[in-house]
Amino acid sequence: MNKNEQNPLDNNADIDINKDLNDTSEHIEVSVDELDDADIQHVNNPIVGLKPIVKEFLGSVKEVRQENNKFIFTDGAASVEVRVVSDEIIRVRMAPHSVFLDDFSYAVPLLDQKVAVFNFKDEKTYYSVSTNTVTCRINKENFLISFVDNDNNITNEDYLAMHWEENAKFGGYYVYCTKKSDPDESYFGLGDKPTDLNLRGKRLQNWNSDTYSFAKHQDPLYRSIPFFISLKEGNAHGIFLDNTFKTHFDFAQEDPTKLSFWADGGELQYYYIHGPKMMDVVKRYNSITGTHQLPPIWALGYHQCRWSYYPESKVKDLAYQFRSRKIPCDALYLDIDYMDGYRCFTWNKKYFPNPKKMIKELSDDGFKTVVIIDPGIKVDDNYWVFKEGKENKYFCRRSDDYFMEGHVWPGRCQFPDFTNPEVRTWWGGLFKELVEVGVAGVWNDMNEPAVFGSGTFPDDVRHQFDGHRGSHRKAHNVYGMQMVRATYDGLKKIQKNKRPFTITRAGYSGVQRYSCVWTGDNVASWEHLKIGSLQMQRLSMSGLPFAGTDIGGFSGEPTGELFTRWIQLGVFSPFMRAHSAGDTAEREPWSFGKELEDINRKFIELRYKLLPYIYSAFWEHHRYGFPILRPIVMLEQENADNKFREDEFTFGDKILVCPILDEGATSRNVYMPKGNWYDYWTHEMYEGGQEHLIQAPLDSMPIFVKAGSVIPEYPVMQHTNEIEIDELKFQIYYSDCEVNSFQFEDHGDTFGYEQDIYLERKFIVNGDKKSMTIKKSVEGLFNPRYETYDLKFIGLPFKPSKIIIDGVDFKGEIFFDNLKRVRINVSKYFKYIQILK
């Protein structure tokens, strides 16, 4: 029987159901062969007609319908939804039997954005869904999907039609997408993968895993960020596979002409994010998954951590050492040994008899206290947290209704289901007593989730999933994210108008809305110093900019040289924390002798000098979606050589960072992007677009500032709250073309900026052979107490004879030193300065 012919046994066939069933005059005789073809099984042999499980592919498009900004295409069995999210973002999702799952995502809190205009066309061979920026084409004959820019260039296209395979064991489907990969196409992103920045030729997966002392190229690690950027012929686009199951990515490894991504369950749902600039792709990804909340400024200082600092006398001595040695530090950490038998939300009164008093004394000396919290709750009916969780049925259960139990630090534990909003609210409230004794930040660990012996939860653990239900196969990759979400929301409520500070080891796309991250249990080696630099750049490109490494390495023993080079990199890590395992020698900035202590102090002081610039870069991310660390390829994507540059980056858009990553190295080649760059230390100017050999003895690191930049600086302080600024410093670098800069300022720890209680200064610098000008404008309602700026103009190609400020001649003396610098004090209200030859 032709499959296009109507089967008279089909309930949907057009037959008269009222006809007399005893009337056989019009009955149709059906052969056994036809019964088999119709997939009808013999009653006494139910296996007849059962087809083997194979991959099934979309067929030709039979029908299309529109529902507002959604277009649903079907081949008669499966359906594909194409949804216009914004002018530059289009979402594609597939339902193998045309039954879509609930439209719910932990990564994307608000799906639809403002779309100026979109339209639909029915062409001869394809359908098209278009915005002002990008067009999605659906081929009628084979259901291949492609994306086209306004110049009719195909930016992304299917190699095969989307396909699926039934999962007989768990139900649902494995879902697949295979796209064409051009020979010159490169791939970036995907979170914290400890491998080359360019992912072409790699095959990787996302499944949050506890990976102590992970190796280079090891996969997977702690986080699942299924977002990557494609770069080909100088143009970029992004793909975000919003699927919380175990996901897989083949970046042209198996076949150099194919890019594939697939998932072990759930829907095939991905967002195409148009460029053509890599920066634009990251900003647009952040527009749907969110940006990091503006952190309290103390969180940007230097942090000292170890497994573990105890008892109380040890913590106090640590604080004394920092202050007496004049090494800036803002936060000290308490690892699991501060707890009573590793029970969360308790104190070991033997080690910490009066935690409130200790934390108050630390606070009076300028230290914030951060404590660790794990998800495993000890099974103990005399333990109030366990008792509450048990009584309210907040702990995860397995498919047969037994509690999920596993061993972690406290011994036998049960685990809250953080995908349940009621559990998250309960968990957030548990921090009340910690906050009341003065704890300022919370570090979420072991939340992949990690379980001793088995690695993680069994697949059959059930999760509430905010009412959308799922097994651990579905919830595993979001478990840590939902834990830190509960932590963040709880702290925000308890701390009133103070910004929470949270850290998480595990996460999924969107976790940046709740927490910063660190790269996990790394190793004290030069290889891991390089890996850490790569991971921070990759995380920043992947929407998680507030990231850092364990400075010095968590396991193993660093040499003094390695620790110092790591401190130097740490200055330009968005999150700057030293951390080490308990079975290693202590490693504080003074642990390697006075010479290295002095160098480490110098660079930690540099971090504090640059805090207003660093804080501004965080604001730029939070408000505008820009990444904080920017690899060279992101700055000059049109240069094919840059696809393989991976050991230099900019912090924000003004400071070029070139860390020393090799043992014994005292110089290195530095590629500088196009334009002019000034050596931060010597103010020597270098021409960009080429490499330069730069000297870098151990007490130095190559750092360069873009010409035309306005860099704010603080005086050196021992912690961010030590000094009330009485005059803000700016280093202003000469440029022979117009350059824009900005600087952000507010209270530093409240949410006042949400009501415009902030100050955003915008500067425009320009110059020629005989003059230099700087224009300033302001936005926001915050008004700092200081009244003047200390301005230092650097790199002037002429000796100035006259300075005019807002139309009035500057009457003070003009000093011009041998480094071509001019320094003046001006009112903070100035709008326009002219420096004339």
Side-chain angles (χ1 to χ4, degrees), residues 296 298-299 301-325 327-378 380-388 409-411 426-446 487 490-496 498-503 577-580 582 586 588 718-722 749:
W298 67 263
Y302 177 75
H303 295 199
Q304 185 68 43
C305 183
R306 180 172 173 79
W307 177 27
S308 286
Y309 288 123
Y310 71 94
E312 178 181 305
S313 58
K314 179 68 177 177
V315 179
K316 288 184 175 180
D317 180 66
L318 180 70
Y320 170 78
Q321 293 295 333
F322 272 104
R323 295 297 179 248
S324 64
R325 295 172 183 271
I327 298 176
C329 180
D330 260 270
L332 302 179
Y333 284 62
L334 302 180
D335 210 318
I336 56 176
D337 295 290
Y338 81 91
M339 304 176 194
D340 179 8
Y342 306 124
R343 294 170 179 84
C344 294
F345 306 103
T346 68
W347 290 89
N348 184 323
K349 291 304 180 70
K350 177 182 177 182
Y351 297 150
F352 299 97
N354 191 338
K356 186 170 186 177
K357 181 174 180 289
M358 179 194 73
I359 293 174
K360 172 68 164 56
E361 290 172 353
L362 291 174
S363 179
D364 289 344
D365 213 4
F367 293 99
K368 305 293 185 182
T369 301
V370 181
V371 300
I372 196 169
I373 291 288
D374 293 346
I377 300 301
K378 183 176 179 62
D380 177 358
D381 286 321
N382 295 318
Y383 170 33
W384 65 279
V385 177
F386 175 76
K387 188 176 179 181
E388 283 187 14
W409 301 114
W426 167 71
W427 186 262
L430 296 178
F431 290 95
K432 184 174 185 291
E433 291 185 14
L434 288 177
V435 172
E436 286 175 348
V437 300
V439 167
V442 177
W443 163 26
N444 287 193
D445 196 19
M446 300 287 286
T487 303
L491 291 176
K492 186 176 181 181
K493 183 177 181 180
I494 295 166
Q495 293 177 335
K496 307 301 183 185
K498 296 293 185 182
R499 300 174 206 163
F501 173 65
T502 54
I503 317 170
R577 182 184 74 158
H579 183 37
S580 56
E586 293 185 3
E588 289 79 38
Q718 296 306 299
H719 58 89
T720 53
N721 224 15
E722 182 188 30
D749 64 352

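Since the model is a prediction, treat every value here as computed from it, not as a measurement.
Side chain to side chain, Thr346 and Asp340 fail the donor-acceptor criterion of an N or O pair below 3.5 Å.
Cation-pi geometry between Arg323 and Phe367 is met: the NZ or CZ atom falls under 6.0 Å from the ring centre, inside 45° of the normal.
Of the candidates Tyr383, Trp427, Trp426, Phe386, Phe345 forms a ring-ring contact (aromatic ring centres under 6.0 Å, His included) with just one, namely Trp427.
To the nearest 0.5 Å, atoms CD (Gln495) and CZ (Phe431) are separated by 10.5 Å. To the nearest 0.5 angstrom, Asp749 atom CG is 3.5 Å from Lys498 atom NZ. Annotation: the span from Trp409 atom CH2 to Asp374 atom CG amounts to 8.5 Å, rounded to 0.5 Å. Once rounded to the nearest 0.5 Å, the distance linking CG of Leu334 with CG of Leu434 reads 10.0 Å.
Residues Arg325 and Glu588 are not paired through a salt bridge, judged by the lack of any N-O separation under 4.0 Å between the basic side chain and the carboxylate. A salt bridge is absent between Asp330 and Lys368: the closest approach of a Lys/Arg side-chain nitrogen to an acidic carboxylate oxygen does not fall below 4.0 angstrom.
Between Tyr309 and Tyr338, the ring center distance fails the sub-6.0 Å criterion. The six-membered or imidazole ring of Trp443 lies away from that of His303, with a centre-to-centre distance of 6.0 Å or more.
Of all non-hydrogen atoms in Phe501 and Ala299, the two that sit nearest each other are CD1-CB, 3.5 Å. The two residues Pro500 and Pro296 come nearest to each other via the heavy atoms O-CD, 3.8 Å. Listed here is the closest heavy atom pair of Val370 and Val442: CG1-N, 3.9 Å. Closest approach of Met339 and Ile372 over heavy atoms only: CE-O, 3.2 Å.
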**Stepwise side chain to side chain contact (heavy atoms under 4.5 Å, CB included) test for Ile359 and Phe352** = CA-CA 10 Å; Ile359 293 174; Phe352 299 97; over 6 Å; no
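Atom NZ of Lys493 has 12 or fewer neighbouring heavy atoms from other residues, nucleotides or ligands inside a 6.0 Å radius.
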